Amino acid sequence: MAKTKRRYVCQNCGSVSTRWQGQCPDCSEWNTLVEDAPATVFSMKHDLSSGGRAIAFEALDAPSEPLVRLPTGLAEFDRALGGGLVPGSAILMGGEPGIGKSTLLLQSAGAVAKRGLSVVYLSGEEAAGQVRMRAGRLGLADAPIKLASATSVRDLLTTLGTMDPPSLLIVDSIQTMHSDTIEGAPGTVSQVRGCAFELIRYAKENGVALVLVGHVTKDGSIAGPRVLEHMVDVVMSFEGERSHQYRILRALKNRFGAVDEIGVFAMAGAGLEEVGNPSLLFLSGREEPLAGSAVFPALEGTRPVLVEIQALIVRLQSGATPRRAVVGWDSGRLAMLLAVLESRCGLNFSSAEVYLNVAGGYRLSDPAADVAVAAALVSALADKPLPTHAVWFGEVSLAGEIRPVSHSGLRLREAAKLGFGIGHGPTEADANSSGLNYRGLSRLANLVDRVMATA
Ligand code: TYD
Ligand code: MG
């Protein structure tokens, strides 16, 4: 005999409690627990070891169908996906409001539809007229997209059931969808999960590539329905500073490809433009040599991206605690690097404020940035500009050694391609094929000497 129990689901992280609490015990958010549809608990005496169907086991080397991909029409989108959409799979596209998710997906929908494939774009947020106006601005007014504005999953699935399944189905956004079989308002965990489940099932059964748009909360998680991340095949994040024009599309999870490739776009008057050579974008505006600026050949997946790192040091007269502010890099890593520069190289930052910025609003996670950051810091401290045609990279250990990093050859070749002439980095780098004048560094102290020696 089945019995039911009250349960409360956190609207932020999806964790389930059996009693209401003010604060979620898992994610510590306040006032996020909401009573959910009761779960059915079966008696433990129930015997499940008979009455089921036998499952056929398969060998790993059994022949399987090759993965066919559906190009999105945007090379940068395909690159971030690892080669295009996969029919019968589901993608969650997360991003802050206003970052350009709807624009990106409409552009892709237009490109796919213009190739003669069937595309359904369902907007739960905007009226069809609004989407049509946007399509007009994007030059897609004549793309044969099947456009609708609706929020009921039942209406959508009923309609889809009367037609041939489309190649691409876009639902913008999953938080606006609701299913009448589930209690609760649209956007609650149970609604979002239930609607996504139905849509994903439809996509898998009919070989449709499904894209679900998901809003992101201020802390960067896809709002509420973290549970969705487990249900979909690919989780994408569309990021950028709204005040800067560039946008980065990256995969956070991908069952069909690597998660380290990025797609770079710039938001322009007529929609998103693809940026095939991001280095030029992040380096624009550098002309005269300025103290505190160093160029770092970063690596995003297999693609090198040159970015400028800027440091500013302000000496304090009073005994006030000096500030350390970082934009685009890890503040713990900066504290470590400052400590290594102080203890291994005898520099003194203790009575100075330190500001570090990665130009263009770019976010660095590559550990090879240490050497470039150190070069920018030493250059700012000594007020000595670094040569504008030099790049710096390498990881710094606590002992003050410069450690080798991955893909040094790729980084240096990109720098050479963009007109840089000198490379400073780990002694073990593979610099032969780059055509750059390469100068190895074995210790952080060598870097300090080299910066001090610049004219
Ligand atoms: P949008 O795709 O609506 O964002 P999201 O779906 O992620 O909420 O994009 C919104 C912003 O993009 C909007 O503030 C205006 C800007 N934009 C342009 O600059 N150029 C354009 O051609 C379009 C369509 C939008
Ligand atoms: Mg939108």
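All values derive from a computational prediction rather than experimental measurement. Counting starts at 1 for both ligands and their atoms, following the listed order.
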Original post:
Which atoms of ligand 1 sit under 4.0 Å from any heavy atom of G271?
Top reply: 20 (N), 21 (C), 22 (O)
Subject >> For atom 21 (C) of ligand 1, the protein heavy atom that lies nearest, with its residue and separation >> reply: R137 NH2, 3.2 Å
Original post:
For ligand 1, is any non-hydrogen atom under 4.0 Å from M267's backbone (N, CA, C, O), its side chain (CB onward), both, or neither?
Top reply: side chain
Original post:
Side chains of E308 and S293: donor-acceptor distance under 3.5 Å anywhere?
Top reply: yes
Original post:
Can S102 and D172 be counted as having a side-chain donor-acceptor contact under 3.5 angstrom?
Top reply: yes
**OP:** Taking only Lys NZ, Arg NE, NH1 and NH2, and the carboxylate oxygens of Asp or Glu, determine whether D366 and R411 approach each other closer than 4.0 Å.
**Re:** yes
Original post:
Within less than 2.8 Å of the Mg ion (ligand 2), how many protein N/O/S atoms are there?
Top reply: 1
Original post:
Judging by distance only, is a nitrogen or oxygen of L138 under 3.5 angstrom from one on ligand 1?
Top reply: no
Original post:
In terms of side-chain geometry, is the basic nitrogen of R134 or E126 positioned less than 4.0 Å from the acidic oxygen of its partner?
Top reply: yes
Original post:
Which residue holds the protein heavy atom closest to atom 14 (O) of ligand 1, what is that atom called, and what is the gap in Å?
Top reply: G98 O, 4.4 Å
**OP:** Over 60° means perpendicular and under 30° means parallel, so classify the ring planes of F238 and F265, tilted if in between.
**Re:** perpendicular
Original post:
Can you tell me if T72 and D78 form a side-chain donor-acceptor pair at under 3.5 Å?
Top reply: yes
**OP:** Inspect the contact between R250 and E239 and indicate whether a charged nitrogen and a carboxylate oxygen are less than 4.0 angstrom apart.
**Re:** yes
Original post:
Which bit of P97 gets closer than 4.0 Å to ligand 1, counting heavy atoms only: side chain, backbone, both or neither?
Top reply: backbone
**OP:** Determine, stepwise, if the pair E229 / K253 fulfils salt bridge (Lys or Arg N to Asp or Glu O under 4.0 Å).
**Re:** CA-CA 8 Å; E229 298 187 3; K253 155 183 168 176; over 6 Å; no
Original post:
What residue and heavy atom of the protein are closest to atom 4 (O) of ligand 1, and at what distance?
Top reply: G100 N, 3.1 Å
**OP:** Go through V391 and E414 one step at a time and tell me if the side chain to side chain contact (heavy atoms under 4.5 Å, CB included) criterion holds.
**Re:** CA-CA 10 Å; V391 293; E414 172 78 358; over 6 Å; no
Subject >> Partners passing side-chain contact (heavy atoms from CB on, under 4.5 Å) against T32 (at least two apart in sequence or in another chain) >> reply: C10, N12, C24, E29
Original post:
Hey, is D370 close enough to R333 for a salt bridge, meaning N to O under 4.0 Å?
Top reply: yes
**OP:** State whether the side chain of S379 and the backbone N or O of K384 hold a donor-acceptor pair below 3.5 Å, judged by distance alone.
**Re:** yes
Subject >> Shortest protein contact, atom 6 (O) of ligand 1 (heavy atom only) >> reply: S102 OG, 2.6 Å
Original post:
Heavy-atom distance from atom 10 (C) of ligand 1 to the protein below 4.0 Å?
Top reply: yes
**OP:** State whether the side chain of Q107 and the backbone N or O of L272 hold a donor-acceptor pair below 3.5 Å, judged by distance alone.
**Re:** yes
Original post:
Which residue holds the protein heavy atom closest to atom 20 (N) of ligand 1, what is that atom called, and what is the gap in Å?
Top reply: A268 O, 2.8 Å
**OP:** For R134, take its heavy atoms, then give the atoms of ligand 1 lying under 4.0 Å from any of them.
**Re:** 1 (P), 2 (O), 3 (O), 9 (O), 24 (C)
**OP:** Using a 4.0 Å heavy-atom cut-off, say whether E96 meets ligand 1 through its side chain, its backbone, both or neither.
**Re:** backbone
Subject >> Shortest protein heavy-atom distance from atom 2 (O) of ligand 1, along with the residue and atom involved >> reply: T103 OG1, 2.6 Å
**OP:** Find all atoms of ligand 1 within a distance of less than 4.0 Å from any non-hydrogen atom belonging to G269, and give their numbers and elements.
**Re:** 20 (N), 21 (C), 22 (O)
